K.L.:
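Below: one structure in C-alpha cells.
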Amino acid sequence: SSSDMEKSCSLLVYFDKGTPAIANEIKEALEGNDIPAKVDAMKKAVMLLLNGETLPQLFITIIRYVLPSEDHTIQKLLLLYLEIIDKTDAKGKVLPEMILICQNLRNNLQHPNEYIRGVTLRFLCRLNEVEIIEPLIPSVLANLEHRHPFIRRNAILAVMSIYKLPQGEQLLVDAPEMIEKVLSTEQDPSAKRNAFLMLFTCAQERAVNYLLTHVDRVSEWGELLQMVVLELIRKVCKTNKGEKGKYIKIIISLLNAPSSAVTYECAGTLVSLSSAPTAIRAAANTYCQLLLSQSDNNVKLIVLDRLNELKSTHREIMVDLIMDVLRALSSPNLDIRRKTTDIVLELITPRNINEVVLTLKKEVVKTQSGELEKNGEYRQMLIQAIHSCAIKFPEVASTVVHLLMDFLGDNNVASAMDVVVFVREIIETNPKLRVSIITRLLDTFYQIRAARVCSCALWIIGEYCLSLSEVENGIANIKQCLGELPFYSASDEGEAADASKKSQQVNNITTVSSRRPAILADGTYATQSAASETAFSPPTVVQGSLTSGNLRSLLLTGDFFLGAVVACTLTKLVLRLEEVQPSKVEVNKASTQALLIIVSMLQLGQSSALPHPIDNDSYDRIVLCIRLLCNTGDDLRKIWLQSCRESFVQMLSDKQLRETEEIKAKAQISHAQPDDLIDFYHLKSRRVCLILESQKNMIDFCYELL
C-alpha cells in the first residue's frame, strides 16, 4: 500500500521468500525455553515484518516470553523488533500497549550490564515517538556520566537524536550546555567526537567557540574528532567566506596528522576553500605522499583522481610535482600505472621532458627482467607514452628510439607493433636519425616474428634506404630472411598430395605444408620446427635457426599478404638502386635476383604444397611488381619512389592536425551552469533575436505540456 511505501526504513536484512515462516511456529518457539530456538524465531519474525507482514498476534507473546530474557542476542533482536513494528495508530497516536515497552526500556537503561545499556541507547536514536521517549530522558541523561565510555558515547548520540526531534528543544532545554560540559571533561576519543558532532549539528556556534578556544591542541585530538572538525570548517566557510583565513591555518596544521584519512580530507578541504598557490601546492604534496605511502590500490586510484582534477584546474602547480606522480609507476597494478601515465603525459614541458623520458626508459628496461604476466601490456603502455613524448618533443626521440627498437621482436605483438609505428613516424619527422634507425633496423630485422610488424618494418626499409650501401644491405637482408630458393621442392608437393591418403602420417611428416599453421596465444604464428626446416634448407644451413628465415617461416604458413609486401619492398629497393648504382651490371643482377624471389613466391602460392592457394589481391600485387621490374617508366617510378612518401607525410600532418583539434575542443568545453545569466549584449543581431524568439516559443510550449 502507499502508506507502507512512505514509511522510513532504518534496517535492511536479506530474506529468502522461498522458505516462509509460519506465525504459529514462531509463537511456539518463543514460548519455549530453548534459547537458540528463540533467537531463530525472533530472526524470522524480524524478517517477516521487514517484508510487509504485520504479525499482530506475536506482540503479547514477545512481551510475556522474550522481554524478561537476559540473553544479549535476544535483547538485541527484541530492540530490532520494536524498531520495526508500528508504534502509533492510524491517527498518529501512540498505541496504549507501548507503555509496556517503556518500563522495559527504562530498566534496560539502568541495567547493570553495559552492553544492554549501550544497545538500548542506540535504539533510542531511531525512535521518533515523543510519548515513549519523554519518560526515559532522566535515565538517558544519567548515562552521560557513566564510568564506561561505550555507554557515554551512545548516551551522547541519544541526546543528539532526541534534541533533533520537532519537540526536542522542549524535551532537552539545556542539552547543548550539558554536552559542552561533557566535551570539556571527556577523555574517550569516540565519546569526545560524538559530543563535538552534537554541538556541530545542534548548536554550531558552541562548536566553533570550542574549536577556536582549543585551536592549538587540534593536532593532538583523535582522528575521529579531527574529521568532524574538518566537516565543521567546510560548513562554516561556505556560509561565512570572510573567516576562511583562520580556519585554513587549522587545516594546514592537520596536514601532518598521523592519520591518512585526516590528511586526505584536509587536502580536499583546502582545494575546496582556497585557490591560493600555497594552499593548492600543500594539497597536491599531500596527495602525492598518500599515493606513495598507501598500499591499497583503491586508495591510490582515488588519490590519482584527485590529482587529475588538480591538473585540470591548477596545471602549473602540478607540473612541478610530475616526478612525484611518476613514482606511482612502482605499483604493479596496471590501472594505477595507466592512470599515472595519462596524468603525466598532460604535464610534460620542455623543462621536465628529459627527466620523464629517462624514468619511462628505466621502466621499459625493468619489464625485460621481471617475470610478471602483465609485463607485455605494461611495456606497450610505456612505449605509447614514450611515442607521445617524442612526438611532442622531437629532440628526445634520439635518446629512446634505439632502446625501443630492441623490442621489435617482442612476443607481445601489440607492443612490437607500437614500436614499429613509432619508428616509422620518427624516421620521417627526425631526418637526422634516419641513418642510425635504418642501420639498427637492418641489424635487428631477423628477430621480428610477427607478420604485421614485419610488413611495417619492410615498408620502412623500402622507403628510407637511400644510399647505395643501405639499399644493398636492405636487399641482402631480405634475401637472408627468405633463405634459399625455391621455397619448396617437387617431392614436397608430392607429399602434400599424398597427405590426404595417409592421414596417419600427418603428425610425423617433415614438411610444414601438410597441415595448418599453429597460432600462439598472442596471435603470432608458431616458429617452424627443426624438422620442417630441413625440407626447405640446404644441408649447410643450421636447421631451425632463427637467424635465417623469419620471412620464410611466415611465408610457409601461407601469409601471402606479407609476400606481397616483400615483393613491393624489393621492387622499391631495385628502383632506388637504379638511381644510386652507377654500374648497370649490378642493377641488372639485383633486378634478376628480385624477380627470381618474386616468381618463387608466386609458384609457392599456386602449388599444392600449402593447404590454401594465394589470394587474388596478393597475386595481383606480386604480378604488378614483376611487370614493373621488367618495364619501368618514369611515371611509375615517381609514384613508387615519391608519391608513396608524400602520402605518408600527408597522413602524419592530418593526424597531428586532428590531435591539435581534439586538444582545442577539450579546452573549450563550457563549464557554464544552466542558471547562469545570459549576456544580452551579444544578442543584438536580427538572426540571434529570431533564434531567441524561437527558443522562447519552445519553452512556452514545454510549459503548456507540463
Side-chain angles (χ1 to χ4, degrees), residues 308 311-312 315-316 318-319 322-323 325-326 329 337-365 367 377-408 410 412-438 440-441 444 452-453 455-457 459-461 463-464 644-668:
N308 198 28
K311 179 205 72 189
S312 307
R315 186 178 183 275
E316 62 290 343
M318 285 301 297
V319 164
I322 190 168
M323 297 313 293
V325 177
L326 257 181
L329 290 178
R337 285 169 161 174
R338 187 174 288 110
K339 205 165 258 194
T340 303
T341 50
D342 288 347
I343 292 170
V344 165
L345 287 178
E346 290 186 41
L347 296 174
I348 293 170
T349 64
R351 264 185 324 161
N352 60 33
I353 182 67
N354 289 324
E355 270 188 295
V356 170
V357 169
L358 187 65
T359 306
L360 294 175
K361 276 170 67 178
K362 284 177 183 172
E363 288 297 314
V364 170
V365 173
T367 62
E377 227 175 310
Y378 179 41
R379 190 183 308 127
Q380 185 187 352
M381 191 196 305
L382 291 168
I383 289 165
Q384 288 169 350
I386 291 171
H387 186 168
S388 179
C389 292
I391 300 308
K392 286 181 187 172
F393 300 93
E395 64 274 11
V396 302
S398 58
T399 63
V400 292
V401 71
H402 294 114
L403 169 73
L404 293 188
M405 286 177 79
D406 289 339
F407 297 101
L408 283 170
D410 198 339
N412 182 329
V413 180
S415 177
M417 200 65 213
D418 283 335
V419 172
V420 81
V421 168
F422 169 64
V423 170
R424 187 180 68 180
E425 195 164 340
I426 293 303
I427 202 169
E428 175 56 45
T429 53
N430 287 47
K432 291 177 185 174
L433 298 177
R434 187 193 64 78
V435 176
S436 63
I437 289 176
I438 280 294
R440 189 69 186 272
L441 182 58
T444 56
R452 284 165 59 208
V453 183
S455 298
C456 195
W459 186 88
I460 296 168
I461 290 169
E463 206 59 56
Y464 294 96
C644 187
R645 173 89 66 88
E646 286 165 7
S647 298
F648 178 59
V649 171
Q650 183 61 43
M651 186 194 88
L652 287 182
S653 63
D654 287 350
K655 179 188 165 204
Q656 201 165 0
L657 188 68
R658 200 166 56 247
E659 285 172 357
T660 310
E661 291 297 323
E662 281 174 13
I663 291 166
K664 281 182 185 172
K666 272 184 191 174
Q668 286 176 353

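Since this is a predicted model, take the numbers as computed values, not measurements.
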K.L.:
Do I348 and V319 come within less than 4.5 Å of each other through their side chains, counting heavy atoms only?
P.N.:
no

K.L.:
Evaluate the side-chain proximity of D410 to V419: yes if any heavy-atom separation is below 4.5 Å, no if none is.
P.N.:
no

K.L.:
Under the side-chain contact (heavy atoms from CB on, under 4.5 Å) rule, what do K311 and N308 come out as? Steps first, then yes or no, please.
P.N.:
CA-CA 5 Å; K311 179 205 72 189; N308 198 28; 2.7 Å; yes

K.L.:
Using the side-chain hydrogen bond (donor to acceptor under 3.5 Å, both in side chains) rule, collect all pairs that involve residues 416-433, keeping only residues at least two apart or in two chains.
P.N.:
Q380-D418, Q384-D418, H387-E425, E425-K655, E428-Y464

K.L.:
Start with the C-alpha gap between V365 and L403, add the side-chain angles, then the distance that decides, and say whether side-chain contact (heavy atoms from CB on, under 4.5 Å) holds.
P.N.:
CA-CA 9 Å; V365 173; L403 169 73; 4.0 Å; yes

K.L.:
OG/S653 to CZ/F648 distance, rounded to the nearest 0.5 angstrom?
P.N.:
10.5 Å

K.L.:
Above 12 or not: heavy atoms from other molecules or residues under 6.0 Å from CZ of R452?
P.N.:
no

K.L.:
Identify the heavy atoms of E463 and R645 that sit nearest to each other, and give their distance.
P.N.:
O-NH2, 2.9 Å

K.L.:
I'd like to check I438 versus I427 (side-chain heavy atoms, cut-off strictly below 4.5 Å). Are they in contact?
P.N.:
yes

K.L.:
Test side-chain contact (heavy atoms from CB on, under 4.5 Å) on I322 and E355; report intermediate values, then the result.
P.N.:
CA-CA 10 Å; I322 190 168; E355 270 188 295; over 6 Å; no

K.L.:
Quick one, K361 and L404 - any side-chain contact, counting heavy atoms below 4.5 Å?
P.N.:
no

K.L.:
Indicate the atoms forming the closest heavy-atom contact of L345 with A385, along with that distance.
P.N.:
CD2-O, 3.6 Å

K.L.:
Testing the basics here: between V420 and I460, what is the closest heavy-atom pair and its distance to 0.1 Å?
P.N.:
O-CD1, 3.8 Å

K.L.:
How long is the straight-line distance from CD1 of I383 back to CZ of F422, given to the nearest 0.5 Å?
P.N.:
9.5 Å

K.L.:
Within a strict 4.5 Å, meaning less than it, do heavy atoms of the S388 and K392 side chains meet?
P.N.:
yes

K.L.:
Going by an N to O cut-off under 4.0 Å, is there a salt bridge joining D342 and R337?
P.N.:
no

K.L.:
Locate the shortest heavy-atom distance separating L441 from A457; write the atom from each residue and the value.
P.N.:
CD2-O, 3.9 Å

K.L.:
Between R440 and H402, is there a donor-acceptor pair closer than 3.5 Å when you use the side chain of the first and the backbone of the second?
P.N.:
yes

K.L.:
Could you tell me the separation between the CD1 atom of I353 and the SG atom of C389, rounded to the nearest 0.5 Å?
P.N.:
4.0 Å

K.L.:
Mind listing the closest non-hydrogen atom pair of V325 and M318 along with its distance?
P.N.:
CG2-CE, 4.1 Å

K.L.:
Between the side chain of N352 and the main-chain N/O of L347, is any donor-acceptor distance below 3.5 Å?
P.N.:
yes

K.L.:
Under 3.5 Å, side-chain donor or acceptor atoms of residues 393-400 against the rest of the protein: list the pairs with distances, not counting sequence neighbours.
P.N.:
| residue | atom | partner | partner atom | Å |
| --- | --- | --- | --- | --- |
| T399 | OG1 | V396 | O | 2.6 |

K.L.:
Measuring from M381:CE to L329:CG, what's the distance to the nearest 0.5 Å?
P.N.:
8.5 Å

K.L.:
So for atom CD, which belongs to E659, do other residues, nucleotides or ligands contribute more than 12 heavy atoms lying within a distance under 6.0 Å?
P.N.:
yes

